[in-house]
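Data first, discussion second: the structure below is written as structure tokens.
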Amino acid sequence: MHKKKKTSVRRIVTGRIVSALPVVVLQALIIFGIAKWLAPIATLLYSVLSVLSVLFVLFLISNRGEGAYKTLWLLVMFVAPLPGALMYLFYGNRRTGKALEQRLNAVQGSIPITLGDDTAVAQRLGSEDKRVAQTFAYMKKITGFPVLENDTAKYYPIGELLFEQMLDALKAAERYVFIEYFIVQEGVMWQAMVEVMEQKVKEGVDIRVLYDDIGSIGTFSARNRAALLKKGIKCEKFNPLIVLSGALNNRDHRKIMVVDGVVAFSGGINLADEYINEEHPFGHWKDIGFKITGDAIRSYAYMFTEFWNASSLDKITKELVGDDCDGSHGAEHTNTDGYVLPYYDSPNREEAASNNLYIDLLGQAKNYIWFYTPYLLLGDGMRDAFVRAAQRGVDVRIVMPGIPDKKIVYRMSRSYYRELLEAGVKIYEYTPGFVHAKACLADDCIGSIGTVNLDYRSLYLHYECNALFYRASILGDLKKDFEASMKASRERTLQDERSGPLFNFINGVLRIFAPLV
């Protein structure tokens with residue numbers, strides 16, 4: 001592997017902000033310029049705005065969206081009616097991602113991968129546990145992805161172990177590799193992958209890399225993309241940042257790698273060195289992931305193909321994927337390892353899939369339910385579900401970072417601690433460093449691993465991917481990892497939380513603005 005110059009995450013984050021700032025400033029100037037241009041007709045405008053404000057309030061109240069998110073926009077409208085309305089039209093409502101949604105919908109009919117009929121598998125699951133089968137059926141209904149019998153799923157409790165397996169899979173590739181990540185950054189990890197990919201392209205392997213334009217805005221440039229293309233590695237960016245496009249939301253936060261229809265990888269790690277502890281900007285970086293085989297690979301290949309074909313003129317065809325991703329689901333298998341439903345979240349759906357899943361799991365947990373998350377910015381429904389589960393005697397735990405990567409988000413996350421602790425929720429902060437893992441486990445039998453943080457952006461505004469497991473051995477490994485992480489953590493208590501009118505006011509203000517971060 002080639003060594004890279006040590007670059008702190010602070011510089012990376014600063015680079016992203018500086019890169020995006022001109023576009024954000026230009027958008028703000030346009031919005032406020034429109035408001036100033038309309039100033040000469042202020043009296044008439046005030047009357048019209050008064051009527052529109054009432055209609056706007058009625059629209060938000062009747063909308064099924066998250067309550068805290070609606071409160072934020074009502075506050076913006078109250079402070080600055082015209083700029084606030086324009087900002088909402090550009091950034092706050094689902095229509096900001098309409099063009100992207102149309103592109104995704106346009107390619108769905110031509111995706112050369114069959115998800116298939118899961119009727120037989122769903123019936124078998126229903127005969128084992130009707131309540132769990134209802135959860136899986138609900139997730140299929142709102143995401144379109146089937147429940148599958150799990151073949152093998154291997155858990156990795158740290159990013160560097162997962163990376164070793166990803167590199168081995170790359171080296172074994174014979175026909176194609178699909179790579180989709182939120183952050184791609186030059187460094188030890190990425191250079192090692194590029195070296196293997198370059199050799200594989202020479203051997204005739206079709207390799208495609210899809211990265212998020214904003215997620216990688218300070219770490220992966222047009223020059224980096226051109227370098228890949230020159231090596232024969234196909235590369236596209238997802239949802240490019242364009243002025244007044246609303247592209248600050250609808251980001252691709254998914255992490256997927258599929259090789260030859262034989263194996264797929266997902267989890268929390270991005271393609272950057274801190275995720276495999278080559279750098280330690282915030283102590284030890286705790287991340288997790290998994291490798292999966294069997295029918296579930298089709299679901300991940302489908303996810304990638306949909307986004308790639310909506311982003312590139314060089315479409316993925318049946319000739320490329322062959323029969324690996326085509327066939328009937330539901331056939332009874334031998335030596336299966338429980339059930340799995342891989343899916344992705346979309347900000348353009350009416351239902352927030354992962355948010356509703358976690359509320360459901362909190363509601364059905366009998367003995368315990370544990371969560372990994374780097375950020376804790378809960379909507380009203382999720383917060384109430386945590387409180388209710390703990391109050392009825394369920395062992396509810398959340399493992400958080402001990403060293404934050406973003407101090408303001410960390411402070412916002414802590415604004416929820418007192419209410420949760422008072423209800424009986426246990427909160428652990430991982431003292432060795434930063435937790436970037438995203439997972440949930442309930443009662444030894446059901447849980448999820450993926451890219452979903454417990455914050456507004458993950459749950460409502462971004463594209464995410466998750467795998468919901470039931471009675472799979474990977475859950476036992478996840479539980480052992482939870483236990484090890486909690487032993488390395490400090491449990492927060494009510495005595496740690498400052499209170500009083502001033503702190504309650506500050507926490508309330510922080511919660512109002514939590515949907516923005």
Side-chain angles (χ1 to χ4, degrees), residues 1-16 154-171 179-197 211-212 215-216 218-220 224 253-257 265-291 371-375 399-407 409-410 428-439 449-453 474 477-478 480-490:
M1 296 184 185
H2 290 264
K3 289 289 182 183
K4 70 163 196 165
K5 292 188 291 185
K6 294 293 182 181
T7 305
S8 71
V9 171
R10 296 183 196 277
R11 265 182 63 191
I12 294 167
V13 171
T14 301
R16 291 179 197 163
K154 174 67 175 176
Y155 180 77
Y156 298 95
I158 200 69
E160 43 267 46
L161 295 179
L162 178 64
F163 175 55
E164 288 178 7
Q165 296 298 309
M166 292 170 62
L167 207 57
D168 287 345
L170 270 176
K171 293 174 181 176
I179 296 173
E180 177 185 343
Y181 284 83
F182 182 61
I183 296 173
V184 179
Q185 177 196 340
E186 287 287 345
V188 173
M189 183 184 193
W190 181 240
Q191 186 59 36
M193 294 181 69
V194 170
E195 288 178 358
V196 176
M197 290 189 289
Y211 66 94
D212 186 79
S216 300
T219 62
F220 198 80
N224 296 125
H253 195 245
R254 310 187 314 184
K255 289 91 177 172
I256 297 170
M257 189 173 93
F265 298 86
S266 191
I269 75 166
N270 283 294
L271 305 184
D273 281 357
E274 63 267 29
Y275 295 88
I276 59 171
N277 284 294
E278 282 288 333
E279 291 189 348
H280 302 88
F282 306 111
H284 183 263
W285 193 284
K286 169 63 179 174
D287 221 328
I288 64 175
F290 62 90
K291 175 177 69 175
F371 289 85
Y372 271 130
T373 183
Y375 314 115
V399 181
M400 292 277 294
I403 301 176
D405 67 333
K406 303 177 183 70
K407 290 185 178 179
V409 181
Y410 193 60
Y428 295 81
E429 292 185 340
Y430 183 69
T431 54
F434 183 66
V435 169
H436 193 256
K438 308 97 165 38
I449 306 170
T451 70
V452 184
N453 302 319
I474 190 174
D477 296 328
L478 175 59
K480 292 176 184 176
D481 186 47
F482 264 118
E483 292 170 336
S485 294
M486 285 185 276
K487 287 180 181 178
S489 301
R490 178 179 180 271

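The basis for the numbers below is simple: all heavy atoms, side chains too, and nothing from hydrogens, waters or symmetry mates.
- The nearest pair of heavy atoms linking Ile183 to Ser216 is CA-OG, 3.3 Å.
- Atom CG of residue Leu271 and atom OH of residue Tyr211 lie 13.0 Å apart, to the nearest 0.5 angstrom.
- Of all heavy-atom pairs spanning Pro432 and Ala488, the tightest one is CD-O, 3.2 Å.
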Evaluate side-chain contact (heavy atoms from CB on, under 4.5 Å) for Leu167 paired with Lys171, printing each intermediate quantity in order. CA-CA 6 Å; Leu167 207 57; Lys171 293 174 181 176; 4.1 Å; yes
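- Rounded to the nearest 0.5 angstrom, Lys291 NZ and Lys154 NZ are separated by 8.0 Å.
- Atom OG of Ser485 and atom OH of Tyr430 lie 6.0 Å apart (nearest 0.5 Å).
- Between the side chain of Asn277 and the backbone N or O of Trp285, at least one donor-acceptor pair lies under 3.5 Å.
- Between Ile288 and Ala439 the shortest heavy-atom distance is CD1-CB, 3.7 Å.
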Report the C-alpha distance between His253 and Asp212 in whole Å, list the side-chain angles of each, state the deciding distance to 0.1 Å, and finish with yes or no for side-chain contact (heavy atoms from CB on, under 4.5 Å). CA-CA 7 Å; His253 195 245; Asp212 186 79; over 6 Å; no
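- Looking at Gln185 and Tyr275, their side chains never bring a donor and an acceptor atom within 3.5 Å of each other.
- The distance from atom CD1 of Ile276 to atom CZ of Phe163, rounded to the nearest 0.5 Å, is 5.0 Å.
- Distance alone, capped at 3.5 Å, is enough to place a donor-acceptor pair between the Ser266 side chain and the Lys255 backbone.
- A donor-acceptor pair is defined here as one N or O able to donate and one able to accept, closer than 3.5 Å; no such pair exists between the side chain of Asp287 and the backbone of Gly159.
- Listed by chain and number, the residues in a salt bridge (Lys or Arg N to Asp or Glu O under 4.0 Å) with Asp481 are Lys286 (sequence neighbours excluded).
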Stepwise side-chain contact (heavy atoms from CB on, under 4.5 Å) test for Thr373 and Met400: CA-CA 6 Å; Thr373 183; Met400 292 277 294; 3.7 Å; yes
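- A distance of 8.5 Å separates OH in Tyr181 from CD1 in Ile256, rounded to the nearest 0.5 Å.
- For the residue pair Lys480/Tyr155, the side-chain donor-acceptor check at 3.5 Å is not satisfied.
- Using the six-membered ring where Trp is involved, Phe434 and Tyr375 have ring planes that are tilted, between 30° and 60° apart.
- Without hydrogens or angle criteria, Lys407 side chain to Asp405 main chain gives no donor-acceptor distance under 3.5 Å.
- The two residues Tyr372 and Leu478 come nearest to each other via the heavy atoms CE1-CD1, 4.3 Å.
- Distance check, rounded to the nearest 0.5 Å: CG of Asp477 to OH of Tyr156 gives 10.5 Å.
- Taking both residues in full, the closest heavy atoms of Met193 and Ile179 are given as CE-CD1, 4.0 Å, listed atom of the first, atom of the second, then distance.
- The nearest pair of heavy atoms linking Ala437 to Pro374 is O-CD, 3.5 Å.
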